[in-house]
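To keep things clear, I will list the structure first and then write my remarks on it.
Values below: every heavy atom of this structure, side chains too, minus hydrogens, waters and symmetry copies.
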Amino acid sequence: MLSVFRSFIRSKFGAFFAILFLGLIAAAFILGDISSGKFGTGLGGGDTVAKAGGSKLRMSELQDRIQRVFENARRENPGMQIGDFFAQGGGKQVFDQLVAALTLKQFASDQGVHISKRLVDAQIAQIPAFQDAAGNFSQDNFRALLQRERISEQSLRDDISREILQRQLLAPVGLGVKLPDSVALPYASLLLEERQGTIAAIPAAAFLDAKEPTDAQVADFYKKNAARYTIPEQRRIRYAVIDSERFAQAAQPTEAEITAAYNQNKAAYAAKENRSVEQLVLPTQAGAKAIADQVKAGKTLAAAAQGAGLAVSTLTDQSREALAATASKPVADAAFAAKQGELVGPVRGSLGWIVLRVTALNNVPARALASVRDEIIATLRTQKEKQLLTDFTGKIEDQIANGGTFEEVAKDNGLKLETSPLLVSSGKQVEDETYQPNSDLQPLLAPVFAMSADDDAQLVPITADKRYALAAPGDIVAPAPPPLAKIKPLVVAQYKLSQGYEKAQKVAEDIRAKVAKGTKLADALAQAGVKLPAPQVVGGRRADLMRGQQRPPAEIAILFSMAANSVKTLPIGQDRGTFVVQLNAIKRGDAAGQPELLNQVRTQLGDVVGEEYGAQFERAIEKDMGVTRKANAVAEAQKALSATNSGAQ
């Protein structure tokens, strides 16, 4: 087990030691959170990328999951490109997670372990995204979110079942891990380690050639870097909006309906009396009587309660029914029989013996039909609009299911057919950077981009129970780079930057070599023959740089993976240049005198080790079952996804 940690510390991520390692492990498990594909069981030939017993993982499922995880990662880091995601091991992590889930599912099936539908239902109901404002499960929210994320209900259920299986099978393996100080102390001390270094930027812009490249050079660069300029798939969206307002006239309630609604709810409009009370709940009748005697002798209920180390509670504007529900019917009857200011009790309540005082009376007069007419009309109109909208959309769905085309259904139902300009899946328009999809079009992007060209039109909710759209894809333009002539200025600029980057790399390597032999970094920069930015002295404690679980910039993080007195080069990224990083000093940390930090790290490392035990158990199952993987599955997925995502800049 220690070899796992040693190899990790020696890696380029070693600067973040076990706490970040824990974060990476947790992130890896989260990668399996939601999928839009089911594990197939048929024969798929070359499409099968992993097999466990009778279960198979398809390439389409792998690509779909990687795409979804990449999109989620981009929400946190909009600048991330698909190549960066794969370079950081994201594709392999997703593949490993899917194979692990496939393996455990087959293992559980072989052992007769199954997840019940009721357990999955309970998990779904607890997901906040599927709940309404009151915290209750909302079928509308559930359907809308699945449609927006292009996930079928069965796919979600499959994923939740696999997640439950993973918890049930793997979590117990890592329970009870407790590491000794000899293991935790070195890692806790690493958090207190301080490092100082000097960083010099060698920008590609300092080496740009004033001479314009030839057409042949530009064309060759464009051809070799076509993926960089590829525009993702574009689609026109055809849609027709259906709004509940179209039923406003038909939804106007009749006089008979208004009268009937009033009569059906007469109890709600009848005269009633509400009361406000202050109450004290005690466990015994004797205790409650003692408090009541003190109040009768002149003390306030609050003062008597305070003397007993208790506090009164206040119930404001309570109906008899509401008070009976919270206390008990005898308490409510006694409170409503008392006069204002009168002490009541002790009376047996649902939680004990209650002493209460009536503090206010609120008599609500009966409301005649005329006074609530507008309220009833608004309620009935909303109900009828909703029902008419439901009936109308149901009729449209039936027409589509019976073979009606988009145009036929729109025409037969008097819908206005609209078509968007060519858009990418994010809603951006390649030809117009200022374009923004309107509020009706935005919710249609995800479902329409998930449809095939020959799929039937779908009804997509824009505002639940208020506004829908019948939507389908129009023209579809496959991913492709634009003509060179259209973006030639951009290609020329990036060609020059690329050439400048190559020169910057060479200069940076020369500077590194000189510094490694004893030349001061500032002197080596001065000898470069071109004006370069002055070097910067940086540094700090590992724990401070990791504060808030934020990873520091790469040029600072690398200081914590360098040997003493060493110097390294590091690409700035996007052909912008190269850093020369020199480690000047290391001040070792010692957490022996910080038991709180030591315990925190011990707990976190214990979680890491527990996760590792679970992973080892899963790998043992995988080996025992003879699970097979396609060796180049991740590379194939990367190739396919790079073509469709390369234009997502």
Side-chain angles (χ1 to χ4, degrees), residues 77-88 197-232 430-431 433 479-517 519-538 553-558 567-582 639 642-643 645-649:
N77 180 12
M80 176 180 285
Q81 302 301 310
I82 191 69
D84 301 328
F85 181 78
F86 276 97
Q88 294 168 13
T198 305
I199 299 175
I202 316 299
F207 301 92
L208 295 184
D209 195 338
K211 182 181 177 181
E212 292 297 312
T214 65
D215 288 345
Q217 288 173 320
V218 174
D220 183 62
F221 180 80
Y222 174 71
K223 182 179 180 181
K224 291 178 178 177
N225 294 275
R228 178 185 296 186
Y229 306 107
T230 296
I231 299 171
V430 175
E431 301 295 335
E433 293 183 359
L484 174 58
K486 202 166 188 177
I487 58 170
K488 187 173 181 179
L490 173 63
V491 178
V492 169
Q494 293 187 343
Y495 171 84
K496 288 184 174 183
L497 191 65
S498 175
Q499 297 301 303
Y501 172 61
E502 291 181 5
K503 296 175 183 177
Q505 278 184 306
K506 293 178 182 178
V507 171
E509 182 55 34
D510 290 342
I511 292 173
R512 186 207 64 77
K514 289 180 180 180
V515 174
K517 292 178 181 179
T519 304
K520 291 184 178 180
L521 180 55
D523 293 340
L525 291 171
Q527 297 167 13
V530 63
K531 187 175 181 180
L532 297 172
Q536 303 271 325
V537 177
V538 298
E555 63 272 21
I556 296 178
I558 196 175
V567 58
K568 289 186 176 183
T569 58
L570 181 72
I572 294 176
Q574 299 180 344
D575 292 348
R576 290 178 297 165
T578 303
F579 288 118
V580 178
V581 184
Q582 182 180 25
K639 183 178 179 181
S642 293
N645 286 277
S646 58
Q649 301 295 327

Any side-chain heavy-atom pair of V580 and L525 under 4.5 Å: no
Can you find a heavy atom in the side chain of P481 that is under 4.5 Å from one in the side chain of Y222? yes
Salt-bridged, R512 to E509, with N to O below 4.0 Å? yes
Once rounded to the nearest 0.5 Å, what's the spacing between atom CG of D209 and atom NZ of K503? 4.5 Å
Report the C-alpha distance between L490 and Y229 in whole Å, list the side-chain angles of each, state the deciding distance to 0.1 Å, and finish with yes or no for side chain to side chain contact (heavy atoms under 4.5 Å, CB included). CA-CA 10 Å; L490 173 63; Y229 306 107; 4.3 Å; yes
Of the non-hydrogen atoms in K496 and L208, which two are nearest, and what is the gap between them? O-CD2, 3.4 Å
Any non-hydrogen side-chain atom of I572 less than 4.5 Å from a side-chain atom of P203? no
Inter-residue atom distance T519.OG1 - I511.CD1, 0.5 Å rounding: 10.5 Å
Could you give me the CA-CA distance, side-chain angles and deciding distance for V492 and E212, then say whether side chain to side chain contact (heavy atoms under 4.5 Å, CB included) is met? CA-CA 8 Å; V492 169; E212 292 297 312; 3.6 Å; yes
How about Q217: does its CD atom have over 12 heavy atoms from other parts shown lying under 6.0 Å from it? yes
Are T198 and V567 close enough that some pair of their side-chain heavy atoms sits under 4.5 Å apart? no
Shortest non-hydrogen pair, T569 vs A508, comes out as CG2-O, 3.8 Å
Is any side-chain N of the basic residue among D510 and K506 closer than 4.0 Å to the acidic one's carboxylate O? no
Is I202 close to F207 at the side-chain level, that is, under 4.5 Å between some pair of heavy atoms? yes
